[in-house]
Amino acid sequence: MRKPYPFDRIEPKWQAAWEAARTFHVPNPGEPGFDPAQPKYYVLDMFPYPSGAGLHVGHPIGYIATDIIARFKRMRGFNVLHPMGWDAFGLPAEQYAIKTGQHPAITTARNVARFKKQLEIIGLGYDWQREINTTDPGYYKWTQWIFLQLYNAWFNPATNKAEPVSTYTGEDVDSVRLAYVSEAPVNWCPALGTVLANEEVIDGKSEVGGHPVERRPMRQWMLRITAYAQRLIDELDGLDWPESIQLLQRNWIGRSEGAEVHFPILSATQAEGSEELTSSGAMNWMRIGGTHVTVFTTRPDTLFGATYMVLAPEHKLVDAITTEEQWPAVRDYRERTARKSDLERTELSKEKTGVFTGAYAINPVNGERIPIWIADYVLLGYGTGAIMAVPAHDERDFEFAQKYALPIREVVSPEPRLSGGGTSPCDMPLLECFAGEGYAVNSAIIDGLPTAEAKVKITAWLEERGLGKKTINYKLRDWLFSRQRYWGEPFPIVWEHGKHRPLPENELPLTPPPLDDFKPTGTGEPPLAKATEWIRYSENATRETNTMPQWAGSCWYYLRYCDPGNAARFIGETAERYWMGGKPDVSASAESRTAAKTIVGSSGDPAGMANTIVGSSGDPAGTAKTIVDGPGDPAGTANTIVGSFADHAGTPKTSAGTPAEASRMRPGGVDLYVGGTEHAVLHLLYARFWHKVLFDLGHLSTPEPFQRLVNQGMMLGEDGQKMSKSRGNVVNPDDVIAEYGADAFRCYEMFMGPLEQMKPWSMTGVEGVSRFLARVWRLIMEEKQDGSWALSPGVQETEPDKAQLKVIHGTIKKVTGDIETLSFNTAISAMMVFVNAFTNAEVKPLSAMRTLLVLLNPFAPHLTEELWETLGGTSTIANQPWPSFDESYLVEDEIEIVLQINGKLRDKIVVRKDATKEQVEAAARDSAKIAEWTAGKEIKKVIVVPGKLVNIVVG
RNA sequence: GGCGGCGUAGUCCAACGGCAGAGACAGGCGACUUAAAAUCGCUCCAGUAUGGGUUCGAAUCCCAUCGCCGCCA
């Protein structure tokens, strides 16, 4: 096929030129060529796993978006950090190794090369001097080092931050370490031969491969992320993340406020004798240390309605309390439960099942004797593994009580009213479950109180008597951090006499042993156990044989990019403070730096950790004032953020066209982070957790890793279905680029629609964008008889006329604003308008063409480089300054005003742009059509919107 | 079941609460051509999922319903 313009020649040419000139390399502070006068901008893509399948057209959307931003920011005078690397440890490579016997390092290297090539032909301007790979010993040395930081730290609740274990005064340090060993039941996947984190188990199956997963107790390394639950919620506040992602994280952490309540348990004989205990009896019971079950409830106000109790079938106490008569039924039920997954157990649609244990507990608020059941709808992992059942006010308890004829007592009423409710077993199906809030009834001490007050009062009452206390519960579990794999980071830990201890730092990196057989042992013993020599650390000590999960390397990669070659530290302090600096974002462009200087701030804190920003002269709205930390707090414990943040979308613009972003505190270091929603919870939560630990321990200067997060939407196949091999609708970028060129590919991906939105691929759509680029080409080039291209004689050094100036400056304004808000589709549309406006002009002013090329450069870098060179540009266009616009070219002397009657368009008039309200209204009344519409009617009101419209309300 | 997001021409998508159209695809017509492709020009096409509400004025804000998508159960 004949090419509309010679992209096949110019694209490789410029890719080679950028590589040779290291155009997109950015030096670090202190290195030659570093310009300290320029502000930094760190724009990051989510870390790719280089799979054997290569890229499909959905993957690069985010990469193209960040590339446009990176190129744009460079032209705006920023030092732009825009790196790429490889999250190369992981299961697929290992399983391929098992199948083929080829070492995963070999296949990984091959996949990385393929991925890199695919990214290069898209023309992405990465700083490849900073390329990193998690499987590189120079990299995972520091992953292991960070693990040791976690191992050697504990979370001090008093200071609300991590501290070295040396500050821990308790007896057993091992019980508080942020990295600890646990024997708890884990998700064991026999097919994969490894344990999985809760997050890696979907619907009872492994996320990778969809294999069945079972619960099995094993010794595992855990990370104490739960210690950070509250901070992980609170510190989302200062971030520019989509509301929906923040919500996902909050829901995942799952904070709920409620109370722990202790229920004394009677043995079978005790239960015989005592029909009812009093609540003071329960107090005594607790005081003398009698057996009891603790439950967590978010509704302590319903305690009087707790008519029975349910334990998870695996609950430790079940063995102790079950009566002889009930034992066979209980044992049988437990066996059946063990075969079910958590999902099967909790699914609401399924019928509830359970068995009575024969034992009774005492409801501490009224001394009532209530039966204890076991049921699989109660999970050991949530809360305390036991619940108080309030059938009148909880759907699941209600269902259960109906099935087993247990008493249902109403204790909350939607309307305030006098007491009066049932205590008898449920044989009245008309009773409805009410789970909402209301007013307490049948609840003695809290009768009549609205739910919120009832909760407070009953909790205080329990607390006074030692029967319970206010508690905050989190759904978040500690992070299962070990895997029985070969292709992962070995733990820097050795075992001696059953005790673990860390390797000294100077023994890092700990490299995995060479191994020929990567197969799981099948026993749960990791593959590393086969390396008998390697395991042997000393006479008495052996190495830990588990490896770290894939998440480990991706938890801190964004830090390593800042200083990838540093052999002495995981990230150099200067580089960290520059690239990850949480300074206020006062300068959206280099031009506005002068304005930025007028902002009062900079505490002069040498550690660069505390900033106090007071107001900002560059903030037209005058609303954004943020205060963070105090200078006397170098470790940054007081990282609460006070004040409001300026709306990002509402960035005001000065007449010179340089956005003066409001002064704002930025707790996060990466300025823009783009990736898919699939990492909304796990990766982003884990990375934030590690970052906070490193921050607390004084290794980092900001409390959060990612300031602004954007999720790109999924790319669907041409059939509107999810792209997948099995559907056969996968489009390969290499093919698209071969046919239409990388620039067309880039522009099309951005032109399809908003970045965040899901959208279907369309080949004809690529063609349309390709036509647009060809029009740009022919604006400047002319085809000769022999088919070669030469500079068009239409391009001349003349001044654009007034109409052209309006187009030029309007386009600069639109494109600049749209790139800032990532509205790339409308930016391209604006440039199409520009091109259409000049296509038929006999003379194309050189300056206008140059402006267009600069605006288009971030989108279509190869085409614009080539044309820039043809137009006599000396240096690469990538180094050109971004054009500014002059608002005065955009205003018209006369403007059209819309005339409405009752909000409906009836006429249009033209008035001078500086016409007063009165003049506009008078002109409107002069309109013949308006006179017609208002004839004989009463004019009730006239709304005049200056420069826009006049609306006349008639009755 | 709960939470969140999205429903605008045949299609992808625009539209500070103010004339529903920036742009593109597809379609139609014309110019160029022996013809076609390419190119250039012109053009058709929706009253914004549905029903209420707020407002001088609603695609936009609020409520409900339906449909699709995501997350959690």
Side-chain angles (χ1 to χ4, degrees), chain A residues 1-5 199 202-203 242-254 342-350 377 379 382 395-396 435 475 647 649-650 652 676-678 680-682 711 713-716 718 720-722 747-754 756-772 774-775 777-778 783 810-811 814-815 817-818 823-837 839-840 896-909 939-955:
Chain A
M1 202 190 86
R2 201 180 140 277
K3 310 258 188 283
Y5 71 97
E199 294 84 343
I202 315 276
D203 295 354
E243 273 308 317
S244 57
I245 300 299
Q246 292 191 41
L247 199 67
L248 284 179
Q249 292 225 336
R250 284 178 218 273
N251 289 345
W252 186 265
I253 297 166
D342 282 4
L343 187 87
E344 283 172 316
R345 289 174 55 166
T346 52
E347 201 147 22
L348 284 169
S349 54
K350 291 256 169 66
Y377 77 94
L379 300 175
Y382 288 118
E395 295 281 356
R396 292 179 304 179
K475 213 174 78 187
D647 186 314
T677 335
E678 65 272 22
V681 207
L682 304 187
N711 290 115
M714 211 200 325
M715 175 83 76
L716 303 174
E718 205 135 10
Q721 301 268 325
K722 208 168 169 171
C747 289
Y748 173 64
E749 293 234 336
M750 294 300 102
F751 185 63
M752 296 175 77
E756 295 92 333
Q757 198 166 302
M758 183 193 300
K759 51 226 164 210
W761 180 264
S762 154
M763 228 28 155
T764 52
V766 188
E767 246 175 86
V769 174
S770 154
R771 279 206 279 269
F772 158 66
R775 281 157 76 104
W777 178 262
R778 290 196 310 268
E783 192 168 18
T811 308
K814 179 80 177 141
V815 172
D818 283 353
S823 308
F824 303 116
N825 53 333
T826 48
I828 292 171
S829 159
M831 289 185 279
M832 287 173 167
V833 173
F834 185 113
V835 172
N836 292 345
T839 292
N840 288 320
E896 198 178 58
I897 296 283
V898 173
L899 304 185
Q900 299 178 330
I901 301 290
N902 292 346
K904 298 272 182 294
L905 173 73
R906 297 305 181 198
D907 199 9
K908 292 175 186 180
I909 55 171
I939 295 179
K940 286 188 171 163
K941 198 171 177 181
V942 178
I943 291 114
V944 182
V945 182
K948 284 275 184 184
L949 57 78
V950 177
N951 186 17
I952 299 171
V953 186
V954 299

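In what follows, chains are A, B, ... by sequence order, proteins preceding strands, each numbered from 1.
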If you look only at distance, which donor and acceptor atoms sit under 3.5 Å apart when one is on a side chain in residues 762-772 of chain A and the other is two or more places apart or in another chain?
| from | atom 1 | to | atom 2 | distance (Å) |
| --- | --- | --- | --- | --- |
| A:Ser762 | OG | A:Thr764 | OG1 | 3.1 |
| A:Ser762 | OG | A:Gly765 | N | 3.0 |
| A:Glu767 | OE2 | A:Tyr740 | OH | 3.3 |

I'd like a table of atom pairs between the protein and nucleotides 35-37 of chain B - only N or O on both sides, under 3.5 Å - with the distance next to each one.
none

Between protein and nucleotides 41-47 of chain B, what N or O pairs are separated by less than 3.5 Å?
| from | atom 1 | to | atom 2 | distance (Å) |
| --- | --- | --- | --- | --- |
| B:rG41 | OP1 | A:Asn840 | ND2 | 2.9 |

What does the list of N/O pairs under 3.5 Å between the protein and nucleotides 28-32 of chain B look like, with a distance for each?
none

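With sequence neighbours excluded, the residues that form a ring-ring contact (aromatic ring centres under 6.0 Å, His included) with A:Phe834 are A:Phe838. Under the rule for a side-chain contact (heavy atoms from CB on, under 4.5 Å), the partners of A:Lys948 that lie at least two apart in sequence or sit in another chain are A:Val945. Residues that satisfy the salt bridge (charged side-chain N to carboxylate O under 4.0 Å, His left out) test with A:Lys814, not counting sequence neighbours, are A:Asp818. Shown here are the side-chain contact (heavy atoms from CB on, under 4.5 Å) partners of A:Leu905, two or more places apart in sequence or in another chain: A:Val898, A:Lys908. Qualifying side-chain contact (heavy atoms from CB on, under 4.5 Å) partners for A:Ala774, counting only residues two or more places apart in sequence or in other chains: A:Pro4, A:Tyr5, A:Arg778. Remark: A:Thr839 engages A:Arg775, A:Leu779, A:Val835 in a side-chain contact (heavy atoms from CB on, under 4.5 Å) (not counting sequence neighbours).
In this structure, A:Arg396 does not reach the B:rG1 phosphate: none of its side-chain N or O atoms is under 4.0 Å from OP1 or OP2.
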Heavy-atom protein contacts under 4.0 Å, nucleotides 9-20 of chain B, coded B base, S sugar-phosphate only, - none: ---SSS-B-BB-
For RNA chain B, the dot-bracket pattern of Watson-Crick and G-U pairs whose distances stay under 3.5 Å, | for other-strand partners: (((((((..((((....[..).))).(((((.......))))).....(((((..]....)))))))))))).
